[in-house]
Structures are given as structure tokens and as C-alpha cells.
2 protein chains.
Amino acid sequence: MGEQTGPGRSHVTLRDVARRAGVSLATASRVLNGTAQVRADLRERVLAAAAELAYAPNAHAQALASSSSKAIGVICHDVSDPYFAAISRGVMRTAAEHDLLVMLASTFRDPDREIEYIAMLRAQRARAILLIGSGFEDRAWERAMAAELDPYVRAGGRVAVVSRHRSLRVDTVQPQNREGAAALARALLDLGHRDFAVLTGPRSLTTVADRLAGFTGALADAGLRPRVVEGGFTRDGGYAAATELLRLDPRPTCVFAVTDVMAIGALTALRDHGVDVPGEVSLAGFDDIPIVADLTPPLTTVSLPLDEMGERAMRLALKEPRASRSRIERIAGRVVLRASTAPPPSAPTPRAPRPAAPADRRRHGTSAPRRTTAPGNSATPAR
Amino acid sequence: MGEQTGPGRSHVTLRDVARRAGVSLATASRVLNGTAQVRADLRERVLAAAAELAYAPNAHAQALASSSSKAIGVICHDVSDPYFAAISRGVMRTAAEHDLLVMLASTFRDPDREIEYIAMLRAQRARAILLIGSGFEDRAWERAMAAELDPYVRAGGRVAVVSRHRSLRVDTVQPQNREGAAALARALLDLGHRDFAVLTGPRSLTTVADRLAGFTGALADAGLRPRVVEGGFTRDGGYAAATELLRLDPRPTCVFAVTDVMAIGALTALRDHGVDVPGEVSLAGFDDIPIVADLTPPLTTVSLPLDEMGERAMRLALKEPRASRSRIERIAGRVVLRASTAPPPSAPTPRAPRPAAPADRRRHGTSAPRRTTAPGNSATPAR
DNA sequence: GCGCTTTCTGAAATCGCTTTCCAAGCCGAC
DNA sequence: GTCGGCTTGGAAAGCGATTTCAGAAAGCGC
């Protein structure tokens with residue numbers, strides 16, 4: 001069709017559309033937004049003009065004029081970490097349902113970068129800001145954080161977090177790390193283990209602290225105390241910590257890594273050193289990121305509905321702020337026993353010492369919070 | 001300090017800052033952007049006022065006035081897929097270096113959603129749009145796509161893609177899927193395999209088609225033809241396809257899954273059916289997503305520098321468009337032989353039939369494009 | 001002390017859209 | 001035929017910055 005070729009560098013504006021349709025800006029705007037009734041023939045002309053010119057409204061101008069944005073901000077440590085990836089998935093799905101755009105930022109665990117991003121998102125007038133993952137225990141940092149967040153909230157911005165300090169008084173999706181770790185400890189005690197080690201990350205992270213506390217607490221109830229090895233909060237951290245752990249004498253019969261990601265590193269370290277899991281050492285993680293059921297042996301862990309947690313955080317952020325009080329949604333973890341854990345070598349209850357059973361692969365749910373032991377013998381390939 | 005409490009619902013504007021500092025908007029703007037010299041005392045006052053009021057410039061107003069945005073758009077199929085997650089990581093790191101915000105969209109493999117997102121990003125006047133992952137082979141869709149992308153490019157928008165159709169005439173980061181798959185096939189032939197199967201995804205995806213063609217091509221050179229089983233382009237697709245493959249008689253001695261993600265599903269399927277890898281069947285994938293070296297057995301694959309690919313795409317998009325021609329950066333894959341492949345059970349060259357060697361874990365590089373066989377015996381825990 | 005250049009500063013235009021406010025236009029009813 | 005009551009369309013005022021333009025102040029040589 002003989003359309004006039006555009007001027008080149010510049011965008012088509014509403015004015016262009018209005019002119020081509022022979023109406024005013026107001027009318028064009030009304031048609032395009034359905035804000036008000038417009039006579040049928042005019043509407044058609046506007047629509048046609050917009051289509052012919054491939055008009056795309058300038059979101060900045062819209063945001064400015066209507067002072068509302070369709071973008072939300074999400075800040076996490078690292079998108080390529082399966083834990084955050086899984087949560088992000090839920091966030092993005094929910095955002096898409098609400099026709100929102102997600103600005104995703106990875107801080108790569110740099111506190112300053114986190115604050116920078118909040119400032120940027122504030123500047124973008126993001127409708128909501130989601131903080132995923134532990135914050136940092138640092139007074140100065142927390143103050144700087146509040147200094148960015150407070151004005152944002154005061155101006156009507158919404159903030160929601162997943163597993164943060166409660167000191168941040170905002171809507172929170174809070175996995176029950178302590179209870180989950182305790183339930184896991186009890187399940188492992190039931191298997192007959194008495195000698196435990198824990199692979200932790202930096203204890204300044206609340207997630208780490210809570211899981212560690214829950215686990216050691218439950219062991220303490222049984223009169224036991226685990227040895228603790230600290231490492232980086234990553235796969236490599238798990239690998240290094242597990243390697244270090246192998247120098248302990250006597251070796252523990254059961255190892256709990258505070259996250260699945262660390263457990264993965266630990267599992268490879270054990271394999272590389274010729275240690276049989278679970279024959280010599282049982283290994284358990286926390287989170288139930290999708291991959292761990294595909295490991296050999298499949299990893300015992302505490303299952304968290306990661307995707308759902310992302311969705312919930314998003315919904316919290318979108319919901320009208322109820323009172324001035326912040327809401328907390330608690331998420332129960334579910335212990336899933338898989339083949340990476342077995343009774344210890346010299347177990348009082350000698351069950352099948354070599355569990356060649358197929359992997360346990362089930363959908364996570366919000367079911368029973370504690371003391372759940374999974375059947376672990378279904379071979380459903382669902383995911 | 002006795003600051004006046006804000007009005008509540010509204011943001012602090014530059015006017016507020018200027019008023020408080022007793023200067024004009026222009027001066028305040030100049031101070032805050034360093035656009036021009038301003039007398040020291042005035043500058044101090046402006047800075048102080050901005051800090052006291054926790055001023056955050058309205059990015060929309062800035063974008064409108066200066067017609068430039070600091071946001072870039074990235075569209076992929078699913079952030080929670082490790083392949084995209086790894087590429088995204090490179091993108092985000094590079095974006096951060098340039099002080100840019102990333103709007104990340106997951107299409108969940110819905111073609112319409114992809115187009116919607118492009119429209120939204122166009123509306124946002126994103127400085128660049130990155131398309132990560134295969135497009136769809138659908139004439140109508142391609143036309144709709146072009147209809148969105150063309151006006152965007154014409155108005156000065158930048159587009160870069162990772163592994164797309166060459167039909168989209170834009171800057172491209174193109175992994176050499178065909179060559180990589182061929183090199184892998186030759187390496188597997190060298191191991192002594194003669195009976196192959198391929199687990200593919202939908203052949204309409206160019207990535208799938210290229211890898212399949214490269215693999216079968218190399219086999220054809222040796223006078224062989226693999227059996228082909230098609231499945232979904234996901235972990236579950238791999239699981240299902242592998243399950244189906246087990247019904248073949250005779251069973252192949254070597255299976256190539258066109259992506260690592262499918263290979264992971266296949267590996268679990270084989271395990272669930274009691275098939276020993278690599279004892280009975282060798283298994284190889286493609287991509288070298290970080291997790292596959294932690295599987296048992298570690299997966300043989302064609303390594304792609306995913307993080308770097310993301311970075312390159314980002315750089316392409318930011319670089320000034322050279323000529324009107326689109327640039328293509330080819331990325332060589334590197335064959336990495338790990339323990340998931342071994343000579344077939346009745347191998348002509350009976351090497352060690354039980355490779356209990358520790359995993360091969362090395363950093364990927366842009367090195368030798370083909371016929372590389374990795375040593376596979378270093379136990380470096382790096383990642 | 002005067003005129004001229006060189007900095008700085010501030011008023012005002014502009015970016016592209018939404019939305020209020022009015023003026024027309026049209027209807028049936030008196 | 002004229003008058004209220006409605007619907008519709010357009011002019012214009014923002015939204016919150018950037019940036020041009022012109023004027024004020026300051027610096028300088030003579």
C-alpha cells in the first residue's frame with residue numbers, strides 16, 4: 001500500500017495518528033484507550049490510522065501523564081541460580097497475567113548494587129518492587145536500604161519480599177526454614193543417624209541462620225550436636241565445604257547442606273573422593289530445586305513451592321495494602337526423602353542398605369508442615 | 001532532623017529540590033546531571049536539597065524529555081530453563097556494566113506472547129531488544145514479528161538475537177550447532193559406537209534442525225544412520241522420548257539428546273528403567289549447562305560459552321550499527337567427553353569398560369571448533 | 001572607569017500523552 | 001419552534017524532566 005515512508009529516526013506519535021484520522025488528540029486517545037464513547041466512524045478511522053502507521057504509544061509519556069507504570073521490579077542475587085530462577089518463573093507468570101513488564105536485576109550478591117537497583121526502580125516509578133532472597137546483616141546497609149525504600153513506599157510504591165529479615169516491615173513470603181530443617185533433622189534421626197554435619201553458608205544470612213538453628217535445635221532435643229562447616233553460598237562453596245568435611249575424623253554418617261545448590265556441590269565432591277552416597281554418607285539439602293530429583297542418587301531435601309512463592313510475592317505486591325500493617329505469608333516446607341539418605345552403615349534398624357529404588361518425583365504442595373516422610377518409590381516422570 | 005514530612009502519596013520532583021535550594025529548575029537539573037558548570041555554593045545547595053528530600057528523578061520524564069531510555073528488553077522462552085538462565089546471566093552482567101536496566105520477559109513458548117512483549121518493549125522505547133532462543137517456523141507469525149520489529153528498528157531501536165533464523169536480518173550470535181553436533185558424532189564414532197539414536201525436539205526449531213543435521217551428516221559420512229525419536233523440548237520431553245526409545249529393538253548403544261536439558265530427562269529415564277549409563281548405553285547432550293558436570297555420570301556434551309553468548313549479544317546491541325548490514329558472531333562449540341559416554345559394550349577397542357574417573361570440570365572457552373576430545377580426567381572443582 | 005568577552009542563571013519551550021472543561025450538536029417534549 | 005438534557009469532540013492544562021535562548025553577572029584589558 002502506498003504509505004508515506006516514515007521520516008526515519010523518529011517514532012510515530014499520537015498526533016500523527018490523530019492527524020491521519022482527521023480527529024483531535026483527545027479523540028484518538030479515547031479510542032485507543034477505550035476511555036470514552038466515540039462515534040463508530042471516527043473510531044474506525046482512528047484504529048485504521050494507528051494500524052497503518054504501526055503506532056506504539058510512548059509508555060513514558062503515558063506513565064508521565066497518568067502517573068502509573070506497568071512495570072514492576074524484581075531484585076535477586078543471581079538469575080542463573082536455580083533457586084531464584086524457579087521463584088522468578090512464578091513472578092513472571094503472574095506478572096504476565098496482569099499484563100505487567102518485569103525489570104529483573106541480579107545483584108551478584110553485591111549489597112551496594114542492590115541499593116543502586118532500588119534507586120533505579122524507584123526512578124522508573126515501578127509499580128512494585130520485589131526483593132527475593134536474604135538481605136545482608138549490616139547496620140549501615142540496612143539504613144541505606146530503608147532510606148531508599150521508605151520514600152518509595154511513602155509515595156505509594158509497593159514492596160514485597162521473599163525470605164527477608166522481618167526487620168524490613170513489608171509484605172513477606174516467609175518459608176518456614178526453621179521448622180522445615182527441624183522436621184528434616186527428625187526424619188534423619190528416624191533413619192538411625194546419630195553423627196551429623198552441617199554445611200552452611202554465611203550465617204549472616206537469615207535463611208542460613210534459621211535453617212541451621214532449626215536443624216541443630218531438633219538434634220539438641222535428641223541430645224546431639226552436629227559439626228558445622230561453613231562455605232560459600234554456592235555450588236562451589238558446597239564442593240569446598242564438603243571436601244573440607246572429609247578430613248573430619250570420624251566422618252559423620254549424615255550431612256545436611258543448607259541449600260540444594262550447596263548439596264549439589266557436596267555430592268560431586270563426595271563422588272570425586274570416592275565416597276558412596278548414601279552407602280557411607282547420607283546427604284540432604286533444602287529447597288527442592290527441580291534438578292535435584294535427577295541427581296544420582298536423587299537428593300533428600302525439604303521441598304518449597306518455589307514457583308508458588310514467586311506468585312504469592314507478586315500477588316501480595318499487587319493487592320491493595322490492607323492496613324498499615326505488613327502481611328506475612330508463611331510457607332511450609334515438606335520433607336522429601338529420596339535415595340541420597342539411608343540408614344547409617346551400622347544402623348540399628350538394618351533396612352535395605354542399597355536403595356536402588358527409582359527416584360521420587362512429585363509435585364510439591366502446601367501440605368503437611370512437619371514430620372512428613374515421603375514414600376519415595378513412585379516413578380512418575382511429572383515435573 | 002526537622003524535615004517537613006512529605007505530602008504522602010506523591011513523589012518528590014525536581015521543582016521541590018530547586019525550590020528548597022532556591023534555584024531554578026534548569027540549574028538544579030544541571031547540577032544533578034553534571035550537564036554544565038554551576039557555581040560551587042549553588043551546587044552544594046542543590047545536592048543537599050536533593051539528599052534531604054531523597055529525590056529520585058522521574059525516569060519517565062527524563063526519557064520523554066531526552067528521548068532516551070536506560071532500559072533494554074530481553075525475551076526468552078523461560079528464565080527457569082538453565083540454558084536461558086545462563087545466557088541471561090551474561091546479559092545482565094553486561095547490562096549492569098553499562099548502567100542499564102533489563103526488562104526480562106518469558107514467553108513460555110507462546111508465539112503470540114512473544115509479539116505482545118515486543119510491542120510492550122517498543123512502547124517502553126527500550127534502547128535495545130534481545131531475542132534469546134529459537135523462533136517459530138510460521139509464516140504468519142514471522143510477518144507479525146517483522147511488523148513489530150521493523151518500525152522499532154526504523155525509529156532507531158537496536159535488535160540482537162541469539163540463535164535465531166537468519167531470515168531475521170539483525171545482529172546475531174550464532175552457535176555453530178551443525179559443526180558442534182558433527183564433531184560430537186565423530187568423537188562418539190571414535191569411541192567405537194555404530195548404533196545411534198537421537199532424541200530431538202520439534203524440528204521446526206532451527207537449533208534442533210541444525211544439530212540433528214550436523215549429527216546425522218557426520219554419521220552419514222561413516223555410512224550410518226541414527227534412529228530418531230522426537231519429544232518435547234524440555235526435561236520431561238527428554239524423559240518421555242528416552243522411555244519410548246527403550247522400546248527399540250535392538251537398543252542403540254549411543255544416544256544423543258539435542259539439548260542437555262533433554263539429556264537430563266533421558267538420564268533419569270534410563271536410571272529409572274535400570275539401564276546402566278554408560279555401561280549399556282552412552283548418552284550425550286549439547287550446551288554444557290552448568291549442572292551437567294554434577295550428574296552421575298557427568299554428561300558428555302558440546303560446550304557453549306553461554307554466559308559469554310549473552311554478553312556478546314548485549315554488546316552487539318549496544319555497539320553502533322556499523323553499516324546497514326547485520327553482523328553475525330559465530331560461536332564454536334567444544335566437545336567435552338565425560339563419563340556418560342564410553343566404548344559400546346562389545347567394543348572393538350576394549351578400553352577400560354568402567355570409567356570411574358572423576359568428572360571433567362573445566363571452564364569453557366572459544367577454542368578449537370571441532371574434533372576436540374577433552375582429557376576428561378581432571379578433578380578441578382572450578383565453576 | 002568603561003566596554004567587551006566569558007561564565008552562569010533562569011524563563012520558557014518541548015517531549016507525547018491523559019484528562020478536564022466547554023462548546024456544539026442532536027434528541028424529544030412542551 | 002424553542003428549550004432542557006445528553007452525548008461527542010476539541011482546546012488546553014498538566015505530568016516532570018531537558019535544553020535552548022537570552023539576559024545578568026563577572027572578569028579583563030585599556
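First the proteins, then the strands, lettered A, B, ... as listed; each starts at 1.
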Q: At their closest point, which heavy atom of A:Ser69 faces which heavy atom of B:His60, and how far apart are they?
A: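 Reported closest heavy-atom pair: CB-NE2, 3.8 Å.
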Q: In whole angstroms, how far is the P atom of C:dG16 from the NE2 atom of A:His11?
A: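 Going from A:His11 (NE2) to C:dG16 (P), I get 9 Å.
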Q: Applying salt bridge (charged side-chain N to carboxylate O under 4.0 Å, His left out) as the test, list every pair that has at least one member in residues 109-120 of chain B; sequence neighbours left out.
A: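 Non-adjacent pairs meeting salt bridge (charged side-chain N to carboxylate O under 4.0 Å, His left out): B:Glu114-B:Arg164.
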Q: If a pair satisfies salt bridge (charged side-chain N to carboxylate O under 4.0 Å, His left out) and one of its residues is in residues 55-81 of chain B, list it, with sequence neighbours excluded.
A: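 Output for this query lists A:Arg89-B:Asp78, B:Lys70-B:Asp99.
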Q: If you round to the nearest 0.5 Å, how far is CD1 of B:Ile115 from CZ of B:Arg143?
A: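 Answer rounded to 0.5 Å: 10.5 Å.
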Q: By salt bridge (charged side-chain N to carboxylate O under 4.0 Å, His left out), which residues pair with B:Arg15, not counting sequence neighbours?
A: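 Residues passing salt bridge (charged side-chain N to carboxylate O under 4.0 Å, His left out) with B:Arg15: none at all.
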Q: For nucleotides 22-28 of chain D, print each protein N/O atom paired with a nucleotide N/O atom at under 3.5 Å, atom names and distance only.
A:
none

Q: What is the distance, to the nearest angstrom, from the CG atom on A:Leu32 to the C1' atom on C:dT19?
A: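 To the nearest whole Å, that distance equals 15 Å.
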Q: Please tell me whether A:Phe108 and A:His77 form a close aromatic pair, meaning their ring centres lie under 6.0 Å apart.
A: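 Centroid distance A:Phe108-A:His77: not below 6.0 Å, so no.
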Q: Could you state the atom-to-atom distance from CZ of A:Arg43 to P of D:dT8 in whole Å?
A: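 Spelled out: CZ on A:Arg43 to P on D:dT8 is 11 Å.
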Q: Rounded to whole Å, please give me the gap between CG in A:Asp16 and P in C:dG16.
A: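 Roughly 9 Å, once rounded to whole Å.
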Q: Using the C1' atoms of the five pairs at each end, what is the angle between the end axes of the helix from C:dG1-D:dC30 to C:dC30-D:dG1, to 10°?
A: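 Roughly 50° between the end axes, to the nearest 10°.
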Q: Generate the contact string for nucleotides 4-15 of chain C. Rules: B means base contact, S means sugar-phosphate contact only, - means no protein heavy atom under 4.0 Å.
A: ----SBBB---B
Q: For C:dC17 and A:Tyr55 - does any side-chain N or O of the residue sit under 4.0 Å from the phosphate oxygens OP1/OP2?
A: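 So the side chain of A:Tyr55 is within the cut-off, an N or O lying under 4.0 Å from OP1 or OP2 of C:dC17.
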Q: Measure from NZ on B:Lys70 to C1' on D:dA17 and round the result to the nearest Å.
A: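 Nearest whole value for this atom pair: 14 Å.
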Q: Does A:Arg45 reach the main-chain N or O of A:Ala21 with its side chain, forming a donor-acceptor pair under 3.5 Å?
A: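 Yes; judged by distance alone, with no hydrogens or angles, the pair exists.
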Q: Would a distance-only check, ignoring hydrogens and angles, find a side-chain to backbone donor-acceptor pair under 3.5 Å from A:Tyr152 to A:Leu121?
A: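 Pair absent, no side-chain N/O of A:Tyr152 close to backbone of A:Leu121.
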Q: Picking from B:Val23, B:Leu14, B:Asp41, B:Val38, what satisfies side-chain contact (heavy atoms from CB on, under 4.5 Å) with B:Val46?
A: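 Output: one option passes, namely B:Val23.
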Q: Would you say that A:Glu311 contacts A:Arg93 through its side chain, given a criterion of any heavy-atom pair below 4.5 Å between the two side chains?
A: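 With C-beta onward as the side chain, the pair touches.
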Q: Rounded to whole Å, please give me the gap between CG in A:Asn58 and P in D:dC15.
A: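 My rounded result for the distance is 18 Å.
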Q: Are A:Lys319 and A:Asp171 within salt-bridge range, i.e. N to O under 4.0 Å?
A: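 Between A:Asp171 and A:Lys319 there is no salt bridge, as every charged N stays at least 4.0 Å from the carboxylate O atoms.
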Q: Which whole-number value in Å describes the distance from B:Arg15 CZ to D:dA17 C1'?
A: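 From B:Arg15 CZ to D:dA17 C1': 10 Å.
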Q: What is the distance from CZ of A:Arg125 to C1' of D:dA17, rounded to the nearest Å?
A: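 About 10 Å, once rounded to whole Å.
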